[in-house]
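These notes concern the structure reproduced below.
Nothing here was measured: the structure is a model prediction, and the numbers come from that model. Start at 1 with the first residue, then count along the sequence.
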Amino acid sequence: MLSLPTPKAIVIRESKIVHKSLTINPLARFVTEEAVCLMLNIQLENIYVVECWRYMVYVHGKGVSKFVSYADFPPILGVRPPTQAETAKWRRRWRKNLNPEYRKQAPKWWAKFFAGEASQASSEPTLKSWSNLVESIQFAFNEESLQTLRKNLFSS
């Protein structure tokens with residue numbers, strides 16, 4: 001008898017993201033559970049709910065209860081790309097950073113986020129899309145992070 005390879009099982013899980021406002025913030029399209037995990041340094045299973053309110057995101061999880069700005073979330077694929085106004089919101093948010101070395105760039109976990117998403121890319125076109133997205137917001141990264149990301153995105 002011929003043995004056929006079994007296809008990978010698709011795992012569908014319930015989203016923990018809940019919209020609580022009738023008016024949806026335009027940046028809500030970038031809110032992902034993976035970004036929340038990296039931002040707050042928690043595991044996915046420890047997130048109870050991510051509530052998207054009109055102006056803020058509320059994250060409730062095991063040992064975590066925190067309001068987060070929409071401007072803390074990096075852009076993703078599959079939704080409308082960031083506009084210049086949204087880019088300005090990110091830059092204003094980064095200027096609030098207390099460490100002067102990082103006032104002009106995204107938090108370090110953004111690079112980890114993009115590297116992780118690119119490593120999960122299921123096809124060459126998807127990987128190319130992640131690469132294009134990173135190149136479109138290259139201002140967000142310091143030179144070292146950008147070079148590492150480019151190496152990861154183009155070598156895969």
Side-chain angles (χ1 to χ4, degrees), residues 5-61 64 66-94 102 104-142 144-156:
T6 57
K8 288 185 179 178
I10 297 175
V11 177
I12 300 175
R13 60 177 169 76
E14 186 177 346
S15 176
K16 297 177 182 185
I17 299 173
V18 178
H19 293 276
K20 292 288 200 171
S21 174
L22 295 177
T23 305
I24 297 178
N25 189 305
L27 289 172
R29 69 186 187 277
F30 299 139
V31 175
T32 63
E33 294 159 345
E34 292 82 4
V36 170
C37 290
L38 283 172
M39 182 188 318
L40 301 178
N41 198 23
I42 60 174
Q43 297 296 318
L44 183 62
E45 56 271 3
N46 291 338
I47 297 174
Y48 301 142
V49 67
V50 177
E51 296 178 353
C52 296
W53 292 90
R54 186 169 185 179
Y55 298 109
M56 297 294 288
V57 178
Y58 173 67
V59 179
H60 180 67
V64 176
K66 185 166 185 155
F67 285 98
V68 180
S69 171
Y70 280 107
D72 288 333
F73 289 90
I76 58 172
L77 295 181
V79 295
R80 190 174 29 116
T83 63
Q84 286 184 335
E86 292 165 344
T87 300
K89 287 177 186 177
W90 286 329
R91 290 180 187 252
R92 277 193 305 272
R93 182 73 176 161
W94 300 336
Y102 301 112
K104 294 184 180 181
Q105 53 195 295
K108 288 184 177 185
W109 67 264
W110 273 36
K112 289 180 185 177
F113 174 80
F114 286 114
E117 293 297 315
S119 70
Q120 296 175 14
S122 58
S123 66
E124 191 64 33
T126 304
L127 186 61
K128 180 68 173 155
S129 295
W130 279 111
S131 177
N132 292 340
L133 180 59
V134 167
E135 289 301 320
S136 73
I137 60 162
Q138 62 181 319
F139 63 85
F141 305 103
N142 64 27
E144 180 184 335
S145 296
L146 188 58
Q147 291 303 326
T148 303
L149 274 173
R150 285 177 176 156
K151 184 178 133 195
N152 290 340
L153 292 172
F154 293 120
S155 67
S156 297

Rounded to the nearest 0.5 angstrom, the CE-CD distance for Met56 and Glu51 is 12.5 Å

Rounded to the nearest 0.5 angstrom, the NZ-OG distance for Lys112 and Ser145 is 10.0 Å

So CD of Glu45 and CD1 of Ile42: to nearest 0.5 Å the spacing works out to 9.5 Å

Has Tyr55 got more than 12 heavy atoms of other residues, nucleotides or ligands less than 6.0 Å from its OH?
no

Aromatic plane relationship, Trp94 with Trp110 - under 30° parallel, 30 to 60° tilted, over 60° perpendicular:
perpendicular

Are Asn46 and Val64 packed together at the side-chain level, in the sense that at least one heavy-atom pair is separated by less than 4.5 angstrom?
no

With respect to Tyr58, which candidate in Phe67, Trp53, Tyr48 satisfies the ring pair (Phe, Tyr, Trp, His ring centres under 6.0 Å) definition?
Phe67

Side-chain donor/acceptor of Gln105 to backbone N/O of Asn142, under 3.5 Å:
yes

Residue pairs fulfilling salt bridge (charged side-chain N to carboxylate O under 4.0 Å, His left out) with at least one residue in residues 72-89, sequence neighbours excluded:
Arg29-Glu86, Asp72-Arg93

When you look at Val57 and Val50, which way does the side chain to side chain contact (heavy atoms under 4.5 Å, CB included) test go after all the steps?
CA-CA 7 Å; Val57 178; Val50 177; 3.6 Å; yes

Is Thr148 reaching over with its side chain to a backbone N or O of Glu144, donor-acceptor style, under 3.5 angstrom?
yes

Going by the angle between their ring planes, with limits at 30° and 60°, are Phe114 and Phe141 parallel, tilted or perpendicular?
perpendicular

Residues Cys52, Ile17; criterion side chain to side chain contact (heavy atoms under 4.5 Å, CB included); working and verdict:
CA-CA 7 Å; Cys52 296; Ile17 299 173; 3.8 Å; yes

Once rounded to the nearest 0.5 Å, what's the spacing between atom OG1 of Thr32 and atom CZ of Phe73?
7.0 Å

Where do Phe113 and Met39 land on the side chain to side chain contact (heavy atoms under 4.5 Å, CB included) test, with the steps shown first?
CA-CA 9 Å; Phe113 174 80; Met39 182 188 318; over 6 Å; no

Please report the shortest heavy-atom distance between Phe30 and Trp90, naming the atom on each side.
CE1-CZ2, 4.0 Å

Closest non-hydrogen contact found for Asn25 with Tyr70 is ND2-CD1, 3.2 Å

Heavy-atom closest pair, residues Leu149 and Ala111:
CD2-O, 3.5 Å

Hey, is the main chain of Lys16 close enough, under 3.5 Å, to the side chain of Glu33 for a donor-acceptor pair?
yes

Which heavy atom of Ile47 sits nearest to which heavy atom of Cys37, and what is that distance?
CD1-SG, 3.6 Å

Spacing of Ile137 atom CD1 and Leu146 atom CG [to the nearest 0.5 Å]
9.5 Å

Shortest non-hydrogen contact from Thr126 to Ala121?
CG2-CB, 4.0 Å

Let's go through Lys128 and Asn132 carefully: what are the C-alpha distance in whole Å and the side-chain angles of both, what is the deciding distance for side chain to side chain contact (heavy atoms under 4.5 Å, CB included) to 0.1 Å, and is it a yes or a no?
CA-CA 6 Å; Lys128 180 68 173 155; Asn132 292 340; 3.6 Å; yes

Of the non-hydrogen atoms in Ser119 and Gly116, which two are nearest, and what is the gap between them?
OG-O, 2.7 Å

